[in-house]
Amino acid sequence: MNYTLNIKGRLLDLNEPRVMGILNATPDSFYAGSRRQTEHDIAGRADEIVAQGGSFIDVGAYSTRPGAQEVSVQEEISRLRMALGVVRRVQPDIPLSVDTFRADVARMAVEEYGADIINDVSEGADAEMFRMVSRLRVPYILMSVQKDLRHTLMAFAQKVQMLRDMGQKDIILDPGFGFGKTLDDNYRLMNALDRLQVMQLPVLVGVSRKSMIYKLLATTQEKALNGTTVLNTVALMKGASILRVHDVKEAIETIRIYDRIRN
């Protein structure tokens, strides 16, 4: 499938897979190497993502790892205002994705900093988020917390129809590896990933250094890059349009090799 995203009136071609670099403005995200809290570190990470070939920067201010501390709306907004302001200053042209499940946070990010994409890990648990992104007219990443392909497809079909009924145009599907799934659930879903193409929407895959890798290999997040690359390769072969990663350079190299084989 040939997909495009409308980024402020500019069509971004997804025929060649793209990389979304992770920038966590948090003190407690699961992978320590992704945490950036000072303006200097945030600027450096933004520059690094772009220099290494990333097409998007995904900024988050609320860790979704198991056991993470709850963050108030005010604190999430405060962290994001600092981070988004820095990224916009040093990389004004890179499309920004904001990782949040709160409608008020999404509105702030789009209206104050021109965020281009909202990345929601809650499967639209808050119906207000659907109404908000439809009003803001920005692409929306819909993530699944379902454990298997059947329930994932059912949830996607229902939620996509709800979004369409509200006028939402650009929708990206994220099967939600690591969310609501056992180790085996994750690998069964990866094996069936190509079947998500029936939805005729671009698919984002985020497996970077997750527990489905380091638990299987009896290692750590810090040593899970090789496993990440393997799974990113499988995801590309099964139709993924966007890879959300900590390690941008390695993901870009993976795509280059995959494209050479494909073409």
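Every side-chain hydrogen bond (donor to acceptor under 3.5 Å, both in side chains) that T100 has, sequence neighbours left out, goes to E76. Residues passing the side-chain hydrogen bond (donor to acceptor under 3.5 Å, both in side chains) test with S72, sequence neighbours excluded: none. Listed by chain and number, the residues in a side-chain hydrogen bond (donor to acceptor under 3.5 Å, both in side chains) with D170 amount to none (sequence neighbours excluded). Scored by the side-chain contact (heavy atoms from CB on, under 4.5 Å) test, K249 finds Q52, E253 as partners (sequence neighbours excluded). For F130, the ring-ring contact (aromatic ring centres under 6.0 Å, His included) criterion is met by Y140, not counting sequence neighbours. Applying the salt bridge (Lys or Arg N to Asp or Glu O under 4.0 Å) criterion to D184, with sequence neighbours excluded, gives no partner residue. Remark: R81 engages E112 in a salt bridge (Lys or Arg N to Asp or Glu O under 4.0 Å) (not counting sequence neighbours). Remark: R135 engages E111 in a salt bridge (Lys or Arg N to Asp or Glu O under 4.0 Å) (not counting sequence neighbours). Contacts of N15 classified as side-chain contact (heavy atoms from CB on, under 4.5 Å), with partners at least two apart in sequence or in another chain: N2, D13. Residues passing the side-chain contact (heavy atoms from CB on, under 4.5 Å) test with R262 are P17, Y258, D259, sequence neighbours excluded. Residues satisfying the ring-ring contact (aromatic ring centres under 6.0 Å, His included) criterion with F177, sequence neighbours excluded, are absent altogether.
L84 and A109 make their closest contact through CD1-CB, 3.9 Å (heavy atoms, listed as atom of the first residue, atom of the second, distance). The shortest heavy-atom contact between N191 and K238 is O-NZ, 2.8 Å. Taking each heavy atom of S208 and H246 in turn, the nearest pair found is OG-ND1, 2.6 Å. Taking each heavy atom of R164 and L201 in turn, the nearest pair found is NH2-CD2, 3.4 Å. The two residues P202 and I171 make their nearest non-hydrogen contact at CD-O, 3.6 Å. Closest heavy-atom contact between V121 and M143: O-CE, 2.9 Å.
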Pair L189-K181, side chain to side chain contact (heavy atoms under 4.5 Å, CB included): steps then yes or no: CA-CA 9 Å; L189 188 56; K181 301 168 182 65; 3.5 Å; yes
Verdict with supporting geometry, D104 and R102, side chain to side chain contact (heavy atoms under 4.5 Å, CB included): CA-CA 6 Å; D104 287 344; R102 290 165 163 161; 5.5 Å; no
Derivation and outcome, side chain to side chain contact (heavy atoms under 4.5 Å, CB included), residues F179 and E123: CA-CA 10 Å; F179 289 82; E123 199 179 64; over 6 Å; no
Chi angles and distances behind the side chain to side chain contact (heavy atoms under 4.5 Å, CB included) call for L196, L149: CA-CA 8 Å; L196 292 183; L149 176 70; 4.0 Å; yes
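No chain of hydrophobic side-chain contacts below 4.5 Å, direct or via other Ile, Leu, Val, Met, Phe, Trp or Tyr residues, connects M190 to V230. The hydrophobic clustering, which links ILVMFWY residues whose side-chain heavy atoms are closer than 4.5 Å, places L183 and I213 together. Two different hydrophobic clusters hold F56 and V90 under the rule that ILVMFWY side chains link at heavy-atom gaps under 4.5 Å. Residues I242 and L11 do not share a hydrophobic cluster, clusters being chains of Ile/Leu/Val/Met/Phe/Trp/Tyr side chains in contact below 4.5 Å. Hydrophobic clustering, with ILVMFWY side chains joined whenever heavy atoms are under 4.5 angstrom apart, groups V73 together with M129.
The line from OH of Y3 to OG of S241 is 6.0 Å long, rounded to the nearest 0.5 Å. A distance of 8.0 Å separates CG in D47 from CD1 in I57, rounded to the nearest 0.5 Å. The distance from atom NZ of K223 to atom CZ of R209, rounded to the nearest 0.5 Å, is 11.5 Å. Rounding to the nearest 0.5 Å places CZ of R89 at 9.5 Å from CD1 of I42. Expressed to the nearest 0.5 Å, how far CG of L217 lies from OG of S211 amounts to 11.5 Å. Atom CG of L14 is separated from atom OG1 of T4 by 7.0 Å, given to the nearest 0.5 angstrom.
Between D148 and R188, the closest side-chain pair of non-hydrogen atoms is not below 4.5 Å. Using a 4.5 Å heavy-atom threshold, the side chains of I141 and R244 count as separate. Residues V234 and L193 form no side-chain contact, since every pair of their non-hydrogen atoms from C-beta on lies 4.5 Å or further apart. Taking the side chain as every heavy atom from C-beta outward, Y187 and L216 approach each other to under 4.5 Å. Looking at heavy atoms from C-beta onward, V248 lies out of side-chain contact with E48 at the 4.5 angstrom threshold. Between I118 and M132 the shortest side-chain heavy-atom distance does not fall below 4.5 Å. Two residues are said to be in side-chain contact when any heavy atoms from C-beta on lie closer than 4.5 Å; V59 and Y113 fail this criterion. Side-chain atoms of K147 and T182, non-hydrogen and from C-beta on, never get closer than 4.5 Å to each other.
For T254 (side chain) and E250 (main-chain N/O), a donor-acceptor pair under 3.5 Å exists by modelled atom type. In this structure a side-chain-to-backbone donor-acceptor pair under 3.5 Å is missing from D194 to G239. For the pair R137 (side chain) and K169 (backbone), a donor-acceptor distance under 3.5 Å is absent. Under the 3.5 Å distance criterion, the side-chain polar atoms of R18 are left unmatched by any main-chain donor or acceptor of S55. In this structure a side-chain-to-backbone donor-acceptor pair under 3.5 Å is present from Q168 to V138.
Within 6.0 Å of the CE atom in M237, the count of heavy atoms belonging to other residues, nucleotides or ligands does not exceed 12. Applying the 6.0 Å contact sphere to CZ of R256 captures no more than 12 heavy atoms from other residues, nucleotides or ligands.
The side-chain contact (heavy atoms from CB on, under 4.5 Å) test with M20 singles out one residue from L204, V245, L243, D99, and that residue is L204.
The other residues sharing a hydrophobic cluster with I257 are I261, where clustering joins ILVMFWY side chains under 4.5 Å apart.
A salt bridge does not link D93 with R10: none of the charged nitrogens is closer than 4.0 Å to a carboxylate oxygen.
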